[in-house]
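See structure below.
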Amino acid sequence: MITIGQLARYVGVSIKTIRVYHDKGLLPEPERDASGYRRYGADDAIDLIKIRTLAEAGVPLARIRELRSATDEDYQRALGEIDDELTARIRSLRAVQKRLRLLAAGQPALPTEVGAHLEHLADWGFSPRWVELQRDLWILVFATHPDHAIALFHDQAQSLSDPALRQLFLDYDHAHDLVPDDPRLDDLARRIVEATRERYGPGSPPELDATSEIPALIQGTVNASSPAWQRLDTLIRAQLRT
């Protein structure tokens with residue numbers, strides 16, 4: 001028989017933790033011996049190890065208390081579910097670790113095909129400003145809407161594979177430094193609207209969740225970088241509504 005301090009040391013928890021487990025009804029508190037000390041046996045140590053393992057797995061104490069009184073069948077089933085949850089958490093943490101290492105290496109947390117696509121932009125004549133803007137915006141989209149991002153990326157990549165559509169993107173990029181009342185913006189807006197309608201017909205281009213605020217945030221970021229781009233966005237929206 002051992003004291004609470006010895007039990008805590010052997011199992012690797014604090015005395016305070018053991019007392020919390022007593023108070024929560026997870027671990028029965030033994031009676032005091034003739035000397036006034038509570039003594040713990042091997043069964044107590046084994047029970048405490050089980051409780052500690054479940055707690056380390058992220059199982060709430062209330063759930064652990066339920067499992068302590070569960071049938072063997074229910075207990076085994078619950079352990080299987082907890083194992084599955086841990087597997088999913090590990091997979092998620094590994095993905096986070098990968099993104100963290102990419103960040104530490106100065107690389108964007110983006111799929112490989114997106115990184116390769118961004119490298120092609122400079123070869124096609126896009127400005128460094130445009131490439132950097134695209135990189136930042138794709139990072140935002142993939143971080144906030146991973147389920148929709150790849151479809152949006154493929155749509156844009158397909159557009160840029162068409163020389164005529166790619167030229168529209170290039171013209172948009174090069175319009176950055178124009179004054180807002182430059183008539184070339186009106187012509188560019190018209191050509192973009194015509195190309196959009198020709199490609200998608202009466203439908204709409206792929207988009208994120210309809211309730212998402214990210215598209216507006218992205219367009220706001222683009223518009224804020226250039227008064228010409230802001231007016232171009234206004235012209236395009238107005239023509240698409242007509």
Side-chain angles (χ1 to χ4, degrees), residues 84-177 188-189 191-226 228-230 232-233 236-237 240:
D84 290 342
E85 292 171 1
L86 276 176
T87 299
R89 283 166 54 192
I90 290 170
R91 187 181 301 113
S92 176
L93 286 172
R94 283 176 175 166
V96 172
Q97 183 184 54
K98 181 179 179 180
R99 293 197 297 271
L100 180 64
R101 288 174 177 174
L102 287 172
L103 186 63
Q107 301 177 22
L110 290 170
T112 303
E113 62 178 317
V114 180
H117 170 77
L118 291 170
E119 292 180 0
H120 285 315
L121 293 180
D123 297 335
W124 284 330
F126 286 95
S127 67
R129 175 193 57 243
W130 180 271
V131 176
E132 189 65 26
L133 178 62
Q134 291 296 306
R135 176 179 287 106
D136 290 345
L137 296 181
W138 280 122
I139 289 175
L140 176 60
V141 172
F142 273 91
T144 57
H145 294 277
D147 295 337
H148 297 79
I150 197 66
L152 288 176
F153 167 72
H154 285 158
D155 180 72
Q156 186 187 96
Q158 187 178 16
S159 295
L160 288 172
S161 67
D162 181 323
L165 294 178
R166 183 166 65 243
Q167 187 59 52
L168 288 177
F169 280 92
L170 283 166
D171 291 344
Y172 198 119
D173 173 20
H174 299 156
H176 179 275
D177 297 326
L188 178 56
R191 289 188 289 123
I192 290 175
V193 170
E194 288 177 353
T196 300
R197 287 174 172 162
E198 180 179 352
R199 183 171 185 201
Y200 300 106
S204 300
E207 59 182 13
L208 299 178
D209 187 331
T211 63
S212 174
E213 297 178 351
I214 296 301
L217 181 63
I218 289 174
Q219 192 60 56
T221 300
V222 173
N223 292 348
S225 65
S226 164
W229 282 356
Q230 183 174 15
L232 189 56
D233 177 51
I236 292 171
R237 291 176 183 274
L240 284 173

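Positions are given from 1, in the same order as the sequence printed here. Every value quoted in this text rests on a predicted model; they were computed, and no experiment measured them.
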Assess the residue pair Arg89 and Leu86 against the criterion (side chain to side chain contact (heavy atoms under 4.5 Å, CB included)); give the C-alpha distance rounded to whole Å, side-chain angles, the decisive distance to 0.1 Å, and a yes or no.
CA-CA 5 Å; Arg89 283 166 54 192; Leu86 276 176; 3.6 Å; yes
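- Counting only residues at least two apart or on different chains, the salt bridge (Lys or Arg N to Asp or Glu O under 4.0 Å) pairs with a member in residues 144-163 are Asp155-Arg199.
- Here the shortest heavy-atom pairing between Trp138 and Ala149 reads CZ3-O, 4.0 Å.
- Here the shortest heavy-atom pairing between Ala122 and Val131 reads N-CG2, 4.1 Å.
- Ring geometry for His117 against Trp124 counts as perpendicular: the plane angle is over 60°, on a 0 to 90° scale with 30° as the lower cut.
- At a threshold of 4.0 Å, the pair Arg135-Glu132 counts as salt-bridged, since one of the basic side-chain nitrogens sits closer than that to a carboxylate oxygen.
- Here the closest non-hydrogen pair linking Val222 and Trp229 is O-CE3, 3.4 Å.
- When side chains are defined from C-beta on, Leu188 counts as touching Arg191, because their heavy atoms get closer than 4.5 Å.
- Contact of the Leu140 side chain with the Thr221 side chain is not registered, since no non-hydrogen atoms from C-beta on lie closer than 4.5 Å.
- In this pair, Trp130 and Phe126 present their aromatic rings parallel. The plane angle is below 30°, not in the 30 to 60° band.
- Screening Leu121, Asp173, Ile139 for a side chain to side chain contact (heavy atoms under 4.5 Å, CB included) involving Gln134 leaves a single residue, Leu121.
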Which is it for Ile214 and Leu217 under the side chain to side chain contact (heavy atoms under 4.5 Å, CB included) test, yes or no, and what are the steps along the way?
CA-CA 5 Å; Ile214 296 301; Leu217 181 63; 4.2 Å; yes
I would like to know whether Leu160 and His120 meet side chain to side chain contact (heavy atoms under 4.5 Å, CB included); could you show each step before the answer?
CA-CA 10 Å; Leu160 288 172; His120 285 315; over 6 Å; no
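- Put simply, CG on Leu118 and CD on Glu113 are 11.0 Å apart, with the number rounded to the nearest 0.5 Å.
- With hydrogens and angles disregarded, a donor-acceptor distance shorter than 3.5 Å links the side chain of Ser161 to the backbone of Gln158.
- Taking both residues in full, the closest heavy atoms of His176 and Ser226 are given as O-OG, 2.7 Å, listed atom of the first, atom of the second, then distance.
- The minimum heavy-atom distance linking Ala228 with Ala175 is given by the pair CB-O, 3.2 Å.
- For Thr196 (side chain) and Ile192 (main-chain N/O), a donor-acceptor pair under 3.5 Å exists by modelled atom type.
- A side chain to side chain contact (heavy atoms under 4.5 Å, CB included) with Ile218 is found for exactly one of Leu133, Asp136, Val141, Asn223, namely Val141.
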